[in-house]
There are 2 protein chains.
Amino acid sequence: MANKLSDGNNLIETLPSISVDCVIFGYDENKLKVLVRREFIPYNGEVHEEWKLPGNHVRKNEDIDHTASRILKEQTGLENIFVKQFMVFSDPDRLKRNAYDYEWVKPRLADERVITVGFYSLINVSDVDNSTLIEVANWADAYEIKDLMFDHNDIFDEAFKKLRYDLLHEPLVFELLPEKFTLTQMQKLYEAIFNTTYDKRNYRRKVNKMAYLIPLDEIQTGVSHKPARLYSFDRDIYENTRTERFDFRV
Amino acid sequence: MANKLSDGNNLIETLPSISVDCVIFGYDENKLKVLVRREFIPYNGEVHEEWKLPGNHVRKNEDIDHTASRILKEQTGLENIFVKQFMVFSDPDRLKRNAYDYEWVKPRLADERVITVGFYSLINVSDVDNSTLIEVANWADAYEIKDLMFDHNDIFDEAFKKLRYDLLHEPLVFELLPEKFTLTQMQKLYEAIFNTTYDKRNYRRKVNKMAYLIPLDEIQTGVSHKPARLYSFDRDIYENTRTERFDFRV
DNA sequence: ACAAAAGTGTTTTGGGTACACCCATGT
DNA sequence: ACATGGGTGTACCCAAAACACTTTTGT
C-alpha cells in the first residue's frame, strides 16, 4: 500500500496519507526566527511567491521522528538535532483552503488528502550554512509571520505554544545555547522566546538554584567589558535530580 | 488511495495507514478506570484472551477528532464527549511486537504498517449503559493496567501523563462531574486522578478563588450527614477571565 | 445519642517581585 | 577616563502547607 513518489530525483516508497511538517525555530542575534520556504504558485496566469513550512512524506519504513530529522537535514544540513512532535492536523480540506495552492500541490500527492504531523525543532542559525538555503528558504521573524500556504499558520501557532510550554518544563534552552555560555546569553534567549524581559538579579537567583548548571573556571574573552563567567549544562545531573513537576520558569 | 475496509458489516472507505486509538478514562465511585477491550488471539493452537485499547481507522473524509468521537460512540454509546489527541505512535514495528498479535491483526489492515494517533477522553462510568459492553469490554483500574496488545501500554502511559497535565491547565474536571456537584466530589476526583490526598481547608481556599465556580442556592439531599452546598461550572466566566498561564493546580 | 461528612482560620515558611549600585575589562 | 555589560542583596507580599474543632443532618 506504500506508494512510489518522487522525492527529489529518487523514487522512494512513502505512505500515501501522512506527512510531517516542521517548524524550525532558529535563534540568531537575540531574535527568534522560523525557517520558511518559498514556492512559486501559478495564479490566474501569473506566478505568485508564497511561503510554506518545510515538510515531507513519511517513508514506508521510518518512524515520524526520523522523517522530521530527515527534513531538518535537508533544510539545514544539520544532523542529530532535537525534534518534537506536537500535534496532528487532519482537516480533510486542509490543503484546499486556497484553490491555487491545491492545484499546485495536487500532482505531488498520492491522495487528495494528507494528514500531517507537526514537529518543531530548535537550532542556532549560526550553525547553518545559510548560503545554501538563501534562494528557497528564509529565516522569518517569529513575531512577524506572514500568510503561509495551507494550514501552515495554524501549525506555526501551535508549535510556538508548545515550544513555550516545553521550555518551561524541559531543558530545551540548551539546544539553542553553545556548549559554554553566559547567564546573560541564557536570559536573552528566554526573553526572545517569551517576548519579554526579566530582572537580572531575580533571574540569576532562580537559575543559580539549578544544580545542573555548572559554573566553569573560564570567562569570556574578547569583550570590551567585564568578562562573564561561562557555564555548561550537565545532563547527567539534570536526569538524576529532576522531579515530577519540574519547572524551568524564569 | 482510500481503501474499502470492512468496518463492522459495512464497506467504508478509510485511509490505509492511519488509525486512532482511544484511552477512555472513566470515573466510577471515586476510582479512575480505563476502558479496555477483550480479544481472543489464536496462539500456538490455543486461544488466549488479550486486551487492547479501542481504536479504528480514519475514514476517507473525516478529521481525526471525528474518528475519535466515533470510537467513543461505538464503545460507550455517548455522543458529544470531549476527546483530545495527545501523541502519534509511529514505530514501523509497533504492531509486530508480538508475532501472534500481528497475525491476528494483519487481515484487518490495508497495509502492514499503521501509524496511530492517541486520543484520550473522560466520561462518567455511570453515564454508560454498561450492560451492552460487558462481554467485550472492561473498566480496568487505571492504577493496575495489565499487559495490553501492541504498543498500547505506551499509549496508555502517555495518555495518563497528558491527562494529568491538562487537568492542571484546563477545566477538564467538569467533564467528569455532574452538572451540579459538591466541592468534596471535585476534590475526590482530583485525588483519584493524581492518586493523592489534599487538605480539605487548603483545597477549598484554592477553589474558592475560582470565579467560574458558582455556589448554588441548593444543597445535597438524601445523605445521612450535613448536606453539602452544590456548585456549578460557568464556562462563560471561565472563558472571559482565563489568563495566559492558567493554573488548575489544587 | 451517635455516625458521618460539611464547613471554617491561623501560623509558618518559602518564593516571587521590585529595586540600585559597584566592578572588571577594552578602547 | 569612559563606555559596556557583569555581578550582587534586601524588603515586602502572597501563596503553599500544616494543623483541629464545631455544625448539620439522618438514623
Side-chain angles (χ1 to χ4, degrees), chain A residues 29-31 164 167-169 177-178 180-192 194-211 213-232 241-250, chain B residues 29-31 164 167-169 177-178 180-192 194-211 213-232 241-250:
Chain A
E29 290 172 1
N30 295 348
K31 301 268 188 186
R164 286 175 164 183
L167 268 171
L168 299 178
H169 297 80
L177 288 167
K180 300 169 178 181
F181 51 87
T182 70
L183 295 185
T184 299
Q185 286 179 313
M186 185 172 164
Q187 181 178 346
K188 294 277 179 219
L189 179 45
Y190 271 104
E191 290 177 344
F194 290 97
N195 202 24
T196 183
T197 56
Y198 298 108
D199 178 88
K200 185 165 50 162
R201 279 172 292 191
N202 294 337
Y203 179 85
R204 281 162 187 255
R205 186 184 3 265
K206 186 88 184 247
V207 300
N208 273 327
K209 274 185 241 154
M210 302 173 173
L213 259 193
I214 312 296
L216 304 175
D217 285 333
E218 229 176 306
I219 56 173
Q220 272 182 318
T221 55
V223 289
S224 70
H225 53 75
K226 176 173 175 177
R229 177 173 297 276
L230 295 175
Y231 287 74
S232 69
T241 60
R242 87 216 222 70
T243 55
E244 182 88 12
R245 196 181 277 171
F246 206 85
D247 201 335
F248 274 82
R249 268 185 268 194
V250 287
Chain B
E29 290 172 2
N30 295 349
K31 300 269 188 184
R164 288 174 164 185
L167 267 171
L168 298 178
H169 296 81
L177 288 167
K180 300 169 178 179
F181 51 88
T182 70
L183 295 187
T184 299
Q185 286 179 313
M186 185 172 164
Q187 180 178 348
K188 294 277 180 221
L189 179 44
Y190 272 104
E191 290 177 343
F194 291 97
N195 201 25
T196 181
T197 58
Y198 299 108
D199 177 87
K200 184 164 51 158
R201 279 172 291 190
N202 293 337
Y203 179 85
R204 281 163 187 252
R205 185 180 10 260
K206 185 90 183 243
V207 300
N208 273 327
K209 276 185 241 153
M210 302 175 174
L213 259 194
I214 312 296
L216 304 174
D217 286 333
E218 229 177 304
I219 55 173
Q220 273 183 318
T221 56
V223 288
S224 71
H225 53 76
K226 177 173 176 178
R229 177 173 296 276
L230 296 174
Y231 287 74
S232 69
T241 59
R242 85 216 223 66
T243 56
E244 181 88 14
R245 196 182 275 171
F246 207 84
D247 202 335
F248 274 81
R249 266 183 271 194
V250 287

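The figures here come from the full heavy-atom set of this structure, side chains too, leaving out hydrogens, waters and symmetry mates. The chains referred to below are lettered A, B, ... by the order of the sequence lines, with proteins before strands, and numbering in each begins at 1.
Nearest to the side-chain atoms of A/N202 among the listed nucleotides C/dC19, D/dA17, C/dG7 stands C/dC19.
Counting non-hydrogen atoms under 4.0 angstrom, A/T184 reaches the backbone sugars and phosphates but no base.
For the pair A/D199 CG and C/dA20 P, the interatomic distance rounds to 10 Å; values are reported in whole Å. To the nearest angstrom, P of D/dA15 lies 10 Å from NZ of B/K206. Taking atom CG of A/L230 as the reference point, atom P of C/dA24 lies 17 Å away to the nearest angstrom. The CD atom of B/Q187 sits 13 Å away from the P atom of C/dA5 (whole-angstrom rounding). Remark: C1' of C/dA5 and CZ of B/R229 are 16 Å apart, rounded to the nearest angstrom. Atom pair B/N208:CG and C/dA6:P shows a separation of 14 Å (rounding to whole Å applied). Residue B/R204 contributes atom CZ, which lies 7 Å from atom P of C/dT8 at whole-angstrom precision. With rounding to whole Å, B/R205 atom CZ is found 11 Å from C/dT10 atom P.
Across its full length, the helix from C/dA1-D/dT27 to C/dT27-D/dA1 shows an angle of 0° between the axes of its 5 terminal pairs at either end, rounded to 10 degrees.
Projected onto DNA chain C by closest heavy-atom contact, B/Q185 and B/R201 fall at different nucleotides, the more 5' of which corresponds to B/Q185.
Evaluation of the salt bridge (Lys or Arg N to Asp or Glu O under 4.0 Å) test over residues 222-231 of chain B, restricted to residues two or more places apart or in two chains, returns none.
For D/dG6, its base sits under 3.5 Å from the side chain of A/K200 at one donor and acceptor pair at least.
Qualifying side chain to side chain contact (heavy atoms under 4.5 Å, CB included) partners for B/T221, counting only residues two or more places apart in sequence or in other chains: none. With sequence neighbours excluded, no residue satisfies salt bridge (charged side-chain N to carboxylate O under 4.0 Å, His left out) with A/K200. Remark: B/Y231 pairs with no residue by the ring pair (Phe, Tyr, Trp, His ring centres under 6.0 Å) rule, at least two apart or across chains.
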What does the list of N/O pairs under 3.5 Å between the protein and nucleotides 24-27 of chain D look like, with a distance for each?
from: D/dT24; atom 1: O2; to: B/K226; atom 2: N; distance (Å): 3.0

Would B/L183 and B/L213 count as a side-chain contact (heavy atoms from CB on, under 4.5 Å) here? Give the steps. CA-CA 10 Å; B/L183 295 187; B/L213 259 194; 4.2 Å; yes
Under the side-chain contact (heavy atoms from CB on, under 4.5 Å) rule, what do A/D199 and A/Q187 come out as? Steps first, then yes or no, please. CA-CA 9 Å; A/D199 178 88; A/Q187 181 178 346; over 6 Å; no
Show your reasoning for whether side-chain contact (heavy atoms from CB on, under 4.5 Å) applies to B/L167 and B/F194. CA-CA 10 Å; B/L167 267 171; B/F194 291 97; 4.1 Å; yes
Given side-chain contact (heavy atoms from CB on, under 4.5 Å), test B/K188 with B/T182 step by step and report yes or no. CA-CA 10 Å; B/K188 294 277 180 221; B/T182 70; over 6 Å; no
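Side-chain atoms of B/R205 and B/N202 include a donor-acceptor pair closer than 3.5 Å.
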